[in-house]
Amino acid sequence: MSGCTRRPPVILKMPEFDPLLYCLLEKLASSWQSRFSMARPLGGFCPACRPFPRKRIIMGALLESIHSPADLKRLNIAQMTALAEEIREFLIQTLSKTGGHLGPNLGVVELTLALHAVFNTPGDKLLFDVSHQAYIHKILTGRLDRMETIRQPEGLNGFMLRTESEHDCYGAGHAGTALSAALGMAVARDLAGGSEHVIAVAGDGAFTNGITFEAMNNIAVQTKRLIVVLNDNEWSIDRNVGAIARYFHRIVTNEHYKNLHDHAHRIIEKIGGKTAAEVARRAEEAAKSMLWPSILFEEFGLQYYGPVDGHNLPLLIETFKFLKAEKRPVLLHVITEKGHGFQPALDHQKKFHGLGPFDPETGETKPVGQPTYAEVFANTLAHLADQDEHIVAITAAMPSGTGLDLFRLHHPKRTFDVGIAEEHAVVFAAGMATRGYRPVCAIYSTFLQRAFDCIVHDVALQKLPVVFCMDRAGLSGDDGPTHHGLFDIMYLRGIPEMVLMAPTNEDELADMLKTALQLPGPSAIRYPRGVVAGVPRKSEPLEIPVGKAEIIEDGSDVAILGLGPMIALATELASRLKLDGYSAAVINPRFVKPLDREMIESYASRVAAFVTFEDHVKMGGFGSAVLEALQELGSSVPVVRIGWPDHFIEHGKVDALRARYGLTVEAAREQVLPLLARCQRPTLVAS
Ligand SMILES: Cc1ncc(C[n+]2csc(CCOP(=O)(O)OP(=O)(O)O)c2C)c(N)n1
């Protein structure tokens, strides 16, 4: 069992993939006083070693010595290879406590080491698409000692942030931006007469995104020097989809690839001990031998190199040295394995894309107990689709996140994963709706932002009955500002024809889905990340009257409206105000649009104040809708709006951030009490 745990500095190369032989040799090597380690062949371990046994060392000696990319550059190849293993170990250990994007980062350890060994950030500009795979970049650029704070309150962000380090030249979190931003930097450099290199690393998933192709359409026209690295692991979060993914797959599985790769490998092996000029010549030879005609990229004007083994550090380093001197835009196709070196991540690719804390030995996570809103949504939709063959479900590369992989089990032919292509997803839905189908677009609130114009122009303007199911509406917590779903009310509320709902619990989510699917025009339902409220469920969802709020409790001093799960705060505030001697109404608005104006009018004539709670920015949100309605009704009853301020909210724990920004019962009470005291006598005096 101990055969897989050694990671000392001298590297032996294994010619063939044979896990059993590998482990035997490794055991032998370890008995030679740990002087040797071997580059593990791609994927898999011998049966005796599963699951991957590891001696838990938080930080190896090499890793400890890395405080900046300059420290990395002082290491030789053997040390860098050993460092790669130390980094893997460190990532597994650290993320087992913090959670995070383990699989993507394990896949780019060698790639990131090679990039930092060859290029010089912050002078050279290194961009990662989405940047969920930038943990190694963070480690190498002076953030090693803070890695254990990643995604934790006050800690490092899980993505690249321009404010976090001078080495983070571009922030991201949404997919498809790296090539455009890199081109912008390259063109800015050209205009300013600079000489820095610009390198964009983007996954094969990012190449399903329109913006990536919009950038490719421009690269060769705009600059002569830009390096694009296609990090191809055949996975998005789920398996990558579409023609581009198939195209990449065909390149990689082509029989010539292996021959070319072996040839390049031999050349690189022979480089050791040569003069600088000879090294350069050999590197060029190696890179050229990786030239493989790719009509797609060549037509875009990018010189294509690859595919190369993304876990072969010497090969990557020599290739980047060669590409650095290229005087035309290039694309290097790198083949990596998501989760490389950690068997549980290889066995469960989707789960290890991004996850919470896990057992570092087995990869197991704690069961969540309650179902999630995503699961309730998907199961309800599957049930409704059993009764209506026109219901179809669309996801933009998030079948597991949105729950649609559950729907797909029941209705595989009516499930469409279109890749990371939110705009296309919406227009595709519009097209299906024109032909009598009832498309449901399951897209996270934050990613639907991409498709705003398509919702307006293609869906709403044509009054098409597309339903938008927005998971992760509200604060997303650990992921931070790129992923908080805090703007959807603001961007949907102003669209004519739109019906916008927010359920307070899972049973109401099912009712709203049923209701939405009966509507003649567009609608949207926003619901939060995570597990449901845990209320009893009806056996059949019921339609609810459109534009009608639910009065949970009547009252005459103050009307408290809690949108969606924020109803819990509304109920609690009502209890507190009752203790203060006030009569508080608790209202579940259900609809942001159309707003229940009758209800608002009726309370406006009775109460001294309204309070609105929403997990959304205040500006343009639900409280603003109430204010507008009151103004149009000619009422001057004040509204205390509790929501997120005009400020990008950092990552952290939801409760702590709510407390910091005043989304609490206490904060609401402090604001409303003076209004009640001024306008209304307490109806009850608490003893
Ligand atoms: C616009 C947008 N839609 C969806 C996502 C969710 N998402 C995050 S990473 C990812 C997959 C990216 O795949 P790839 O680019 O191949 O990178 P890998 O994780 O495989 O390294 C997706 C769909 C996102 N970040 N942005």
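Whatever order the structure lists them in is the order used to number ligands and atoms, beginning at 1.
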What about [X] and [Y], are their ring centers closer than 6.0 Å?
| X | Y | answer |
| --- | --- | --- |
| Phe159 | His101 | yes |
| His333 | Tyr304 | yes |
| His483 | Phe447 | yes |
| His651 | His484 | no |

What is the nearest protein non-hydrogen atom to [atom], stated with its residue, atom name and distance?
| atom | result |
| --- | --- |
| atom 26 (N) of ligand 1 | Ala175 N, 2.8 Å |
| atom 3 (N) of ligand 1 | Glu422 OE2, 2.7 Å |
| atom 19 (O) of ligand 1 | His132 NE2, 2.7 Å |
| atom 20 (O) of ligand 1 | Trp235 O, 2.8 Å |
| atom 5 (C) of ligand 1 | Phe447 CZ, 3.3 Å |
| atom 21 (O) of ligand 1 | Asn233 ND2, 3.4 Å |
| atom 13 (O) of ligand 1 | Ser236 CA, 3.4 Å |
| atom 14 (P) of ligand 1 | Gly205 N, 3.5 Å |

Can you say whether the rings of [X] and [Y] are parallel (under 30°), tilted (30 to 60°) or perpendicular (over 60°)?
| X | Y | value |
| --- | --- | --- |
| Phe297 | Tyr247 | tilted |
| Phe128 | His137 | tilted |
| His340 | His311 | parallel |

Could a heavy atom of [X] be found less than 4.0 Å from some atom of ligand 1?
| X | value |
| --- | --- |
| Gln133 | no |
| Asp204 | yes |
| His101 | no |
| Gly401 | no |

Those atoms of ligand 1 less than 4.0 Å from some heavy atom in [X]:
| X | answer |
| --- | --- |
| His353 | 9 (S), 19 (O) |
| Gly203 | 14 (P), 15 (O), 16 (O) |
| Arg450 | 1 (C) |
| Lys338 | 18 (P), 19 (O), 20 (O) |

Practice problem: Only heavy atoms count here, so choose which of Asn231, Val201, Ile237 is nearest to atom 7 (N) of ligand 1. | Solution: Ile237
Heteroatom distance test ([X], ligand 1): nitrogen or oxygen, under 3.5 angstrom:
| X | value |
| --- | --- |
| His483 | no |
| Gly173 | yes |
| Ala206 | yes |

Self-check item: Backbone of Lys338 reached by a side-chain donor or acceptor of Gln349 within 3.5 Å
Solution: yes
Quiz item: Considering residues, nucleotides and ligands other than Tyr437, do more than 12 of their heavy atoms fall under 6.0 Å from its OH?
Solution: no
Quiz prompt | Residues Glu234 and Arg246 bridged, charged N to O under 4.0 Å | solution = no
Practice problem: Could you tell me whether Asp471 and Arg526 make a salt bridge, using a distance below 4.0 angstrom between a side-chain N and a carboxylate O? | Solution: no
Quiz item: Under the 6.0 Å and 45° cation-pi test, does Lys125 pair with Tyr170?
Solution: no
